[in-house]
Trainee: 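Got a structure for you, written out below as structure tokens; questions coming shortly.
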2 protein chains.
Amino acid sequence: MELAAKRFAENGYHPTSVAEIVEGLSVGKGVFYWYFSSKEELFTEILAGAYRDLRHRQGEAIGDASDPLVRIERGVRASMEWSVEHRDVFRLFQLAAGEARFASILRKGEKGAVSDAARHIQSAMDAGLVPRGDPILLAHAMLGVTTHLVQRHLLDGGKQVIDDAVAFCMRGVLGQPDA
Amino acid sequence: MELAAKRFAENGYHPTSVAEIVEGLSVGKGVFYWYFSSKEELFTEILAGAYRDLRHRQGEAIGDASDPLVRIERGVRASMEWSVEHRDVFRLFQLAAGEARFASILRKGEKGAVSDAARHIQSAMDAGLVPRGDPILLAHAMLGVTTHLVQRHLLDGGKQVIDDAVAFCMRGVLGQPDA
DNA sequence: AGTGCACTTGACCGGGCGGTCAACTGATGG
DNA sequence: CCATCAGTTGACCGCCCGGTCAAGTGCACT
């Protein structure tokens, strides 16, 4: 169960005890350690599942669009929508970033999303739709924008953050600076 | 002393014990608790100092430039350079983001940097140099880009990440999407 | 009703934490 | 040479954690 995710999101990884989780689930610790070999594994499992879900959502959103720019835009939008909907899980990414232990899983998941985006950017470059540049770096820049703006949105709750974020990203990959 | 910062950056907040810190400093715990009333205060102090230093560096970099766009660019560049130079301290921002306890200080420091940038963006808008929009949101977008790319740079060590990041940001605030 | 068994529980353990404070140190001045 | 004491130490305390496992529970079958 991922009420654990909520607890982690609320209090952080270390401050959330296994006792607290199993109590919330009204089960004994025994059951917990039957499903997961450790607290760390539970967290890892949640993270991995989250990335799977997010990726799936992106694929779904992109659908069969053929224009690389449309694919990028839909992917970005889907990521942000997903993050807002699953704010607890999204928060876990942040938590995991602060724990060296989880760096590798985080990196792996991030790499997946980034390389997808980078592929689309590469296509766009090949098609002459956008200026040449490092696609991976651009993908990371977009990831930075979306992540941070989702974070901000969850705190202050602006209205159309997603549209603005998408626009910012597209300008970043499309636009000529000051020719 | 902020060898503590290095330890925190390496191992995280919780896993780094006070015992470990004072041992590294070859002093007793007594001294530690004479300077700081708690581990939490130490961390808070480091964070606050870091933000002060970063802000100072930004001000220095901006100098007396009058063009708002130049001010923005210099500010962004200065932030990234500072982050790369003080990678340990930079890492602490990430750690703090994962600990609810430090959210307020983080928010405060972030707000400072963001509102500075937002002010410049506002000036640029008033001067007709960039299209109108929400300056705060744009500032946050830039912050997201820089933060994430610095992070990436520290891991993989690309070459001219900073220039690319600055360019991406400027495109984000300057450019017209696809008119 | 009695027996065995699959499954669950939560008291318990060793360990490590943040934080305290009695004991020690050595420089100072009479 | 000793008394004093500011400054420092690190053994120690209470607490709580992740993880274990003996004891308990109730169901299925005879």
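Naming convention: chains lettered A, B, ... in sequence-line order (proteins, then strands); numbering from 1 in each chain.
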Trainee: Regarding B/Arg152 and B/Asp156, does a basic nitrogen lie under 4.0 Å from an acidic carboxylate oxygen?
Mentor: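 Result for this pair is yes, salt bridge flagged.
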Trainee: Show the nearest heavy-atom pair for residues B/Pro135 and B/Ala118, with the distance to one decimal.
Mentor: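 That closest heavy-atom pairing would be CB-O, 3.6 Å.
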Trainee: Does the structure place the NZ or CZ of A/Lys39 under 6.0 Å from the centre of the six-membered ring of A/Phe8, at an angle of no more than 45° from the ring's axis?
Mentor: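 Judged by the rule (NZ or CZ under 6.0 Å from the ring centre, within 45° of its axis), A/Lys39 is not positioned above A/Phe8.
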Trainee: Are A/Arg71 and A/Asp64 within salt-bridge range, i.e. N to O under 4.0 Å?
Mentor: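 No, no charged N to carboxylate O under 4.0 Å.
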Trainee: Decide, yes or no, whether a salt bridge links A/Asp116 with A/Arg119 under the criterion of side-chain N to carboxylate O below 4.0 Å.
Mentor: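 Yes, charged N to carboxylate O under 4.0 Å.
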Trainee: What I want to find out is whether B/Glu85 reaches B/Arg57 closely enough, with some N-O distance under 4.0 Å, to be called a salt bridge.
Mentor: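 Salt bridge present between B/Glu85 and B/Arg57.
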Trainee: For DNA chain D, find the residues of residues 34-47 of chain A with a heavy-atom distance under 4.0 Å and give them by number; none if there aren't any.
Mentor: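 Within residues 34-47 of chain A, the residues near DNA chain D are A/Ser38, A/Lys39.
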Trainee: With a 4.0 Å cut-off on N to O distance, would you call B/Glu73 and B/Arg77 a salt bridge?
Mentor: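 Answer for the salt bridge query: yes.
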Trainee: Could you tell me how far apart B/His14 (NE2) and D/dC15 (P) are, to the nearest whole angstrom?
Mentor: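 These atoms are roughly 20 Å apart.
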Trainee: Could you check whether A/Lys29 pairs with A/Glu23 (Lys NZ or Arg NE/NH1/NH2 to Asp/Glu carboxylate O, under 4.0 Å)?
Mentor: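 No, no charged N to carboxylate O under 4.0 Å.
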Trainee: Between atom CG in A/Asn11 and atom C1' in D/dC17, what is the gap in whole Å?
Mentor: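 Taking CG of A/Asn11 and C1' of D/dC17, I get 15 Å after rounding.
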Trainee: Just to be sure I understand the geometry, which residues of residues 15-31 of chain A put a non-hydrogen atom under 4.0 Å away from DNA chain C?
Mentor: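 Here the set is A/Ser26, A/Val27, A/Gly28, A/Lys29, A/Gly30, A/Val31.
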Trainee: Return the value, rounded to whole Å, for the distance between atom CZ of A/Phe32 and atom P of C/dT8.
Mentor: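 In whole Å, C/dT8 P and A/Phe32 CZ are 15 Å from each other.
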